[in-house]
Amino acid sequence: MSESEFIVVSAQHWDTQLLEHHGHLLQSWAWGEFKRGQGWEPERVVVNGTAGVGMAQILFRHRGPASIGYIPRGPVLAGDRATVWPELRASIDRVARRHRAISVIIEGDCVETMGIASRDGRLHRAESTVQPLRTVKVPLLDDEALLKQMHQKTRYNVRLAGRRGVTIESVAPASRHISGFYELLRETATRNDFQIHPMCYYEGVLDAFGEDAALFEAVTAEGDLAAALIVARFGAEAIYLYGASSTEHRSNGAGLAIQFEAMKWARERGSTTYDLWGIPQEDPDSTTTADHTHIAGTSGKDWRGLYRFKTGFGGEIVKYPEAVERQYVPVLPALARRLGFIPG
């Protein structure tokens, strides 16, 4: 270990530096501790020298004597990136070998950082990704400006929810609320054909982020749960992590109005951007059904409805760099994927 390299063991020290260099929520201390509770082992490495700073939270999943490493939305490089990156990569290598890692997958947040990493002959393009490659980020302006930047139909439905008596509030994640959210999530997953985690996973997120996370519920005038979501924030950015909606009560605008309330919650706590988390890699040719009478739904790999929903809030479409992989045992990473060893 060089004089400029160290492994951070203080949450405050880590997050303070990470925020200073605009690091992502998935690189935060809280996210690492949350993933520890899900069977991962986080390691946090910093190189800090005259050329600049490099930071990487690496999550390791162990199976028997080996492991897979994963750097979600990292690393962070500041200063002379071209000089700092080889130093940080060497530190990542040392930690990975201590964990007997087959490989480390890197899903970057910063185009400039990953541009340097992608030119590194020791890295290979990853065969698959965990996080979405595109998202929509909405600037958290005042209420009227937030509404104005929305698509006209999105804005209409946000207001429609209020007219129909839908109430939205942030609720304490007590058992009755998290179970209500989870039942709605199960309904949404069945309708839209996607996989979900056990309920304790979502409880873990809320516990890990404390006051920097919130569970929102939208309730109809008749008292039925129409929509729910979990949002978390880290510094200037808040992220819509998980959401669910009722099949029966989707037409009253609750699913859109609840996002508006979550945006206001994040803004009031100092965030300036709201990340809607994931849209298709390419813009769909159309977001309507074949007869052009309705907005297309979302099911499995067909994300047309999701695309229309999220881009309706305005903001900017952001494309992330492609994932890369540092392989320590050639051939084995491909086997690890087939065995379901790759992170989730």
Side-chain angles (χ1 to χ4, degrees), residues 23-28 31-32 34-35 38-40 42 56-61 63 67-77 85 88-89 92 96 101-120 122-137 189 192-197 201 205 232 234 237 239-243 275-284 298-304 306-307 310-311 316-344:
H24 194 275
L25 179 145
L26 298 191
Q27 284 288 293
S28 69
W31 186 260
F34 159 63
K35 296 303 283 185
Q38 306 301 318
W40 295 82
Q57 175 168 257
I58 317 160
L59 307 176
F60 289 97
R61 171 177 281 174
R63 295 277 177 86
S67 72
I68 285 283
Y70 175 46
I71 303 176
R73 293 290 179 252
V76 169
L77 298 180
W85 166 246
L88 183 62
R89 186 201 60 228
I92 293 168
I102 295 169
S103 69
V104 171
I105 299 166
I106 306 171
E107 291 193 335
D109 183 44
C110 174
V111 172
E112 290 79 10
T113 293
M114 294 310 291
I116 291 168
S118 66
R119 294 191 291 272
D120 187 331
R122 296 173 178 82
L123 299 178
H124 305 275
R125 180 178 176 182
E127 293 182 13
S128 59
T129 60
V130 179
Q131 307 303 332
L133 282 172
R134 293 205 307 168
T135 188
V136 178
K137 295 193 177 187
N192 292 351
D193 188 24
F194 64 85
Q195 299 295 314
I196 61 174
H197 298 282
Y201 185 93
V205 172
F234 183 67
E237 186 166 81
I239 298 177
Y240 161 50
L241 292 174
Y242 315 105
D275 184 349
L276 281 157
W277 202 243
I279 58 172
Q281 293 186 33
E282 303 292 337
D283 294 352
T298 297
S299 180
K301 295 181 180 180
D302 183 353
W303 284 14
R304 287 178 298 159
L306 191 70
Y307 175 88
K310 293 184 176 181
T311 57
E316 175 189 7
I317 292 178
V318 174
K319 185 174 183 179
Y320 290 108
E322 292 187 345
V324 295
E325 186 172 15
R326 177 79 162 113
Q327 297 182 356
Y328 302 102
V329 185
V331 179
L332 284 183
L335 176 61
R337 285 185 179 82
R338 289 197 291 273
L339 295 176
F341 200 1
I342 297 302

Going by salt bridge (Lys or Arg N to Asp or Glu O under 4.0 Å), name the residues that satisfy it together with E322, two or more places apart in sequence or in a different chain.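 Salt bridge (Lys or Arg N to Asp or Glu O under 4.0 Å) check on E322 returns R125.
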Got [X] and [Y] here, is their nearest side-chain heavy-atom distance under 4.5 Å?
X: K319; Y: Q281; result: no
X: Y242; Y: I196; result: no
X: I105; Y: V130; result: no
X: I106; Y: M114; result: yes
X: D120; Y: W85; result: yes
X: P132; Y: I279; result: no
X: T113; Y: V76; result: no

Excluding sequence neighbours, so at least two apart, what forms ring pair (Phe, Tyr, Trp, His ring centres under 6.0 Å) with F34?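 For F34 the ring pair (Phe, Tyr, Trp, His ring centres under 6.0 Å) partners, ignoring immediate neighbours, are W31, Y201.
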Please round to the nearest 0.5 Å and tell me the distance separating atom [atom1] of [X] and atom [atom2] of [Y].
X: I317; Y: L276; atom1: CD1; atom2: CG; value: 11.0 Å
X: W40; Y: I68; atom1: CH2; atom2: CD1; value: 8.5 Å
X: E237; Y: D275; atom1: CD; atom2: CG; value: 5.0 Å
X: I116; Y: L123; atom1: CD1; atom2: CG; value: 12.0 Å
X: L77; Y: R89; atom1: CG; atom2: CZ; value: 11.5 Å

Salt bridge between E282 and R134, side-chain N to carboxylate O under 4.0 Å?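 Answer for the salt bridge query: no.
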Lys/Arg-Asp/Glu bridge criterion (N-O < 4.0 Å) met for D283, R304: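 No salt bridge links D283 with R304.
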I need the single residue from E325, Q327, R326, H124 that forms a side chain to side chain donor-acceptor pair (under 3.5 Å) with S103. Which is it?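 Testing S103 for a side chain to side chain donor-acceptor pair (under 3.5 Å) against E325, Q327, R326, H124 leaves exactly one candidate, E325.
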Checking the side chain of K310 only, and the main-chain atoms of G278 only, is there a donor and an acceptor separated by less than 3.5 Å?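 Yes, the answer is positive, given that a donor and an acceptor are paired below the 3.5 Å cut-off.
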Closest contact, heavy atoms only, [X] versus [Y]:
X: I58; Y: G69; answer: CG2-CA, 4.3 Å
X: C110; Y: P321; answer: O-CG, 3.8 Å
X: G32; Y: P42; answer: O-CG, 3.5 Å

Quick one: list whatever passes side-chain hydrogen bond (donor to acceptor under 3.5 Å, both in side chains) with Q57, sequence neighbours left out.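 For Q57, the residues satisfying side-chain hydrogen bond (donor to acceptor under 3.5 Å, both in side chains) (neighbours in sequence not counted) are R44.
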Applying the side-chain contact (heavy atoms from CB on, under 4.5 Å) test to P72, which of Q27, E107, K35 qualifies?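 One option only clears the test, and that one is Q27.
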Evaluation steps, side-chain contact (heavy atoms from CB on, under 4.5 Å), between Y70 and F60: CA-CA 6 Å; Y70 175 46; F60 289 97; over 6 Å; no
Does the cation-pi check pass for R73 over Y320, that is, NZ or CZ under 6.0 Å from the six-membered ring centre and within 45° of its axis?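 Verdict for Y320: a cation-pi partner in R73.
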Go through it in stages, so that I can follow the logic: the residues are I71 and V104, the test is side-chain contact (heavy atoms from CB on, under 4.5 Å), and I'd like the CA-CA distance, side-chain angles, deciding distance and then a yes or no. CA-CA 7 Å; I71 303 176; V104 171; 3.9 Å; yes
Please determine whether side-chain contact (heavy atoms from CB on, under 4.5 Å) holds for the pair V136 and Y307, giving the CA-CA distance in whole Å, both sets of side-chain angles, and the decisive distance to 0.1 Å. CA-CA 9 Å; V136 178; Y307 175 88; over 6 Å; no
